[in-house]
Amino acid sequence: MGAFPSPTYSERWSVYPDGWRDTSGVGTYAPSRVLSVEDGALVFDMHAEAGEYLGAALTAEETYGQQFGRFSVRWRADPVPGYGLAFLLWPDSEQWPADGEIDFPEGWLDGSITATAHHANPEGGKEQFDTGVSMTDWRLTTVEWTPTAVRFYLDGRLVGTSTTDVPQDPMHWVMQAGTNGSGTPPPDDARGRIQIDWLQVDAYGG
């Protein structure tokens with residue numbers, strides 16, 4: 001526990017440091033108490049300690065500067081109440097919502113997998129697609145981001161397409177897991193794992 005990214009992975013991955021608040025503000029990012037590698041899979045141990053609701057977020061360093069492409073990840077999650085995840089493309093510029101955001105998979109761990117295309121527009125706006133599929137089984141989620149469209153695939157099946165205000169500037173890939181944003185803390189005894197088997201990033205071929 002706490003050995004990720006370690007020298008083995010640190011050239012390609014970075015983590016949000018211990019003590020940062022998660023996106024909802026209810027939980028705390030604590031990679032030293034959450035992340036490990038087991039049998040070749042990255043494991044998030046989602047749980048509470050001494051009144052802190054713990055999660056972790058990591059960034060694929062090599063994706064900084066990438067403009068368009070395909071982003072695939074094979075993963076699963078236990079249905080832990082009160083926690084959620086979002087694997088997302090976030091603008092290198094840090095200008096949100098003007099430069100957009102792309103989220104897939106996203107959702108509460110005890111709910112269904114959703115996909116969200118946030119419009120690259122200073123006024124905001126988004127399109128969301130609910131797959132109706134739970135997170136408990138191993139799934140392959142893929143984002144295809146082109147100059148004219150964002151497409152979401154679940155296990156090879158197209159589940160949604162957005163063509164409105166498609167992001168045009170470089171984005172990097174972030175895997176976030178924390179409290180689910182409901183505003184209510186998780187049960188103190190809630191505990192379970194998110195597992196990532198593998199990821200693949202492909203450049204846009206035009």
Side-chain angles (χ1 to χ4, degrees), residues 1 14-35 42-59 73 75-91 94-137 139 141 143 150 152 154 159-160 162 165 167 171-196:
M1 184 64 67
S14 63
V15 295
Y16 291 11
D18 282 14
W20 280 18
R21 303 304 292 176
D22 68 11
T23 301
S24 75
V26 173
T28 303
Y29 290 131
S32 68
R33 292 180 281 170
V34 170
L35 296 178
L42 178 65
V43 178
F44 295 68
D45 179 16
M46 308 301 293
H47 68 287
E49 291 182 12
E52 283 190 294
Y53 305 98
L54 305 182
L58 52 148
T59 301
V73 54
W75 63 282
R76 65 162 303 278
D78 294 331
V80 191
Y83 294 91
L85 58 75
F87 297 174
L88 58 104
L89 293 169
W90 181 258
E94 300 289 337
Q95 298 301 307
W96 188 94
D99 288 342
E101 175 187 346
I102 302 169
D103 303 71
F104 190 53
E106 182 180 35
W108 296 8
L109 300 190
D110 57 351
S112 60
I113 303 167
T114 62
T116 306
H118 292 265
H119 301 159
N121 187 317
E123 301 301 318
K126 65 182 181 181
E127 294 163 80
Q128 190 165 64
F129 308 93
D130 190 341
T131 68
V133 176
S134 76
M135 302 189 181
T136 54
D137 293 326
R139 298 294 179 187
T141 49
V143 171
V150 176
F152 302 102
L154 177 66
V159 296
S162 172
D165 292 332
M171 308 180 91
H172 55 277
W173 207 11
V174 184
M175 287 79 198
Q176 294 180 349
T179 53
N180 66 14
S182 67
T184 302
D188 286 344
D189 61 351
R191 189 164 196 164
R193 305 195 304 173
I194 301 166
Q195 296 165 278
I196 296 178

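Not measured: the values here are computed from a predicted model.
Using a 4.5 Å heavy-atom threshold, the side chains of W75 and M175 count as separate. Counting heavy atoms from C-beta outward, Q128 and D130 have side chains that stay 4.5 Å or more apart. Within the 4.5 Å cutoff, no side-chain heavy atoms of V80 are placed close to those of R191. Taking the side chain as every heavy atom from C-beta outward, L54 and M46 never approach each other to under 4.5 Å. Residues F44 and L42 have side chains in contact (heavy-atom distance under 4.5 Å, counting atoms from C-beta outward).
Panel note: side chain N121, backbone E123; a donor-acceptor pair is recorded below 3.5 Å.
Here the closest non-hydrogen pair linking P17 and P31 is C-CD, 4.1 Å. Closest non-hydrogen pair, Y83 versus P186, comes out as CE1-CB, 3.5 Å. Nearest approach of A77 to I194, heavy atoms of both residues: CB-CG1, 3.9 Å. Smallest separation of non-hydrogen atoms from T141 and P105: OG1-CD, 3.3 Å.
Atom NZ of K126 is separated from atom OG1 of T116 by 5.5 Å, given to the nearest 0.5 angstrom. With values rounded to the nearest 0.5 angstrom, H118 atom NE2 is found 13.5 Å from D99 atom CG.
When only modelled atom types and interatomic distance are considered, R76 and T136 share no side-chain donor-acceptor pair under 3.5 Å.
The side chain to side chain donor-acceptor pair (under 3.5 Å) check on S182 picks up N180, with sequence neighbours excluded. Annotation: ring pair (Phe, Tyr, Trp, His ring centres under 6.0 Å) contacts of Y16 (sequence neighbours excluded): W20, Y29.
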List the atom pairs, donor and acceptor, that lie under 3.5 Å between side-chain atoms in residues 84-91 and the rest of the protein, sequence neighbours left out.
unit_1 : atom_1 : unit_2 : atom_2 : d
W90    : NE1    : E94    : OE1    : 2.8

